[in-house]
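First comes the structure, then the notes that go with it.
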Amino acid sequence: MKSLLIVANFKSNMTSTEATDWLQNFSNYKANPNKKVVLCPSFTLLQLFNKYIKDQNLDIGLGAQNISRLPQGPYTGEVNGAQIKDFAEYVLIGHSERRQFGEDESVVEEKVKISIDYKLTPILFVQDENNVVPQEVTVAVYEPPSAISTSSNPIIESPENANSIAQKLKNEREISILYGGSVDSKNVKDFTKEENISGVLVGNASLDAKEFLKIVEMA
Ligand code: PGA
């Protein structure tokens, strides 16, 4: 059985009260050695999630949704790799929603480099098979922006097409390619059963802890 990575991207959602409720609803979570779960809450919630995972002794990863391309220093409003490393091991880089705020390929490359410097694992988003996946990246998400559930008229990628794009992106390397875009408990298996897909990244459906538990179970 192949190992899967199942990532929840909560985006700019949840207050600390809502996060506590989410964790309460997630308390039936049962670890599965073949399914690694990574939760990516907002910066403000990383400490809360980190404490819960430690207190419950859970094998769940934590990721930030962004990282400063700069080190520690006089950069008001930036959150740097050392600060993230206090609580998390992963960082999402190059999501299409961030690319909309002007994050271009060179910024993405800098962010990949600095995450590795801080010993964080970058999870890099790519939108098609022409995107370059830098050598040092070990986890990438193939996520066409048009497949994101909150885009107007989302078009979910077909699992077969996602698989062939994942194969091209891998380019015979040892790299995990996840699929992202409108994943839920009903369609998750269609993607994870594909040979070249090593997991999924879930946005909107992960906000409901019970649905996210179902996604993990069905994957
Ligand atoms: P979605 O979002 O699962 O709601 O489509 C995925 C993402 O954009 O990260």
Side-chain angles (χ1 to χ4, degrees), residues 4-14 18-19 22 25-26 35-43 45-46 49 60-67 84 88-104 107-108 111-112 115 120-128 131 133 137 139-159 161-163 165-166 169 176-194 197-219:
L4 297 174
L5 191 59
I6 303 166
V7 183
N9 174 14
F10 298 144
K11 307 192 180 185
S12 186
N13 289 295
M14 291 191 198
E18 288 163 345
W22 192 95
N25 287 322
F26 192 69
K35 296 176 186 179
K36 170 91 183 173
V37 168
V38 176
L39 306 177
C40 302
S42 299
F43 287 131
L45 300 171
L46 280 174
F49 276 88
I60 289 181
L62 264 190
Q65 295 173 20
N66 190 17
I67 183 171
I84 294 169
E89 312 88 71
Y90 295 85
V91 59
L92 305 181
I93 296 178
H95 193 286
S96 56
E97 288 158 9
R98 294 216 54 80
R99 290 183 196 249
Q100 272 172 15
F101 305 141
E103 209 165 275
D104 62 13
V107 173
V108 166
K111 290 189 171 188
V112 165
S115 6
L120 293 159
T121 302
I123 300 179
L124 177 73
F125 288 82
V126 294
Q127 303 184 1
D128 59 48
N131 282 152
V133 181
V137 167
V139 185
V141 185
Y142 165 54
E143 182 170 89
S146 55
I148 295 177
S149 66
T150 47
S151 65
S152 50
N153 275 331
I155 309 157
I156 309 182
E157 181 63 295
S158 80
N161 202 35
N163 184 51
I165 289 178
L169 288 167
S176 299
I177 307 287
L178 317 183
Y179 168 75
S182 300
V183 173
D184 60 25
S185 59
K186 292 190 193 74
N187 64 18
V188 63
K189 187 76 191 175
D190 298 339
F191 291 100
T192 55
K193 72 175 177 2
E194 294 291 341
I197 296 179
S198 304
V200 287
L201 179 127
V202 189
N204 208 36
S206 70
L207 294 174
D208 176 345
K210 296 213 162 121
E211 167 67 359
F212 187 61
L213 278 175
K214 221 184 267 176
I215 291 172
V216 177
E217 187 193 323
M218 301 304 284

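Starting from 1, each residue takes its place in the sequence as its number. For ligands, and for the atoms within them, numbers begin at 1 and follow the listed sequence. Scope of the values below: all heavy atoms of this structure, side chains included, with no hydrogens, waters or symmetry mates.
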Under a 4.0 angstrom heavy-atom cut-off, which atoms of ligand 1 come close to [X]?
X    : answer
N204 : 1 (P), 3 (O), 4 (O)
S182 : 1 (P), 3 (O), 5 (O)
N9   : 9 (O)
G181 : 5 (O)
G203 : 1 (P), 2 (O), 3 (O), 4 (O), 6 (C)
S149 : 1 (P), 4 (O), 5 (O)

* **Centroid-centroid under 6.0 Å between F49 and F10 rings** => yes
* **Worked check of side chain to side chain contact (heavy atoms under 4.5 Å, CB included) between V139 and V7** => CA-CA 11 Å; V139 185; V7 183; over 6 Å; no
Would you check if the side chain of [X] reaches a backbone N or O of [Y] as a donor-acceptor pair within less than 3.5 Å?
X    : Y    : result
K35  : E217 : yes
N187 : D184 : yes
S182 : A147 : yes

* When you look for heavy atoms under 4.0 Å from ligand 1, do you find them on the side chain of I148, its backbone, both, or neither? -> both
* Asked: Would one find an N or O of T150, backbone or side chain, under 3.5 Å from an N or O of ligand 1?
  -> no
* To do: Report yes if L201 has an N/O atom closer than 3.5 Å to an N/O atom of ligand 1; otherwise report no.
  => no
* Structure fact -> Rounded to the nearest 0.5 angstrom, the OG1-NZ distance for T150 and K11 is 4.5 Å
* **Taking atom 6 (C) of ligand 1 as the reference point, the nearest protein heavy atom with its distance** => E143 OE2, 3.2 Å
* To do: Determine, stepwise, if the pair Y179 / E194 fulfils side chain to side chain donor-acceptor pair (under 3.5 Å).
  => CA-CA 10 Å; Y179 168 75; E194 294 291 341; over 6 Å; no
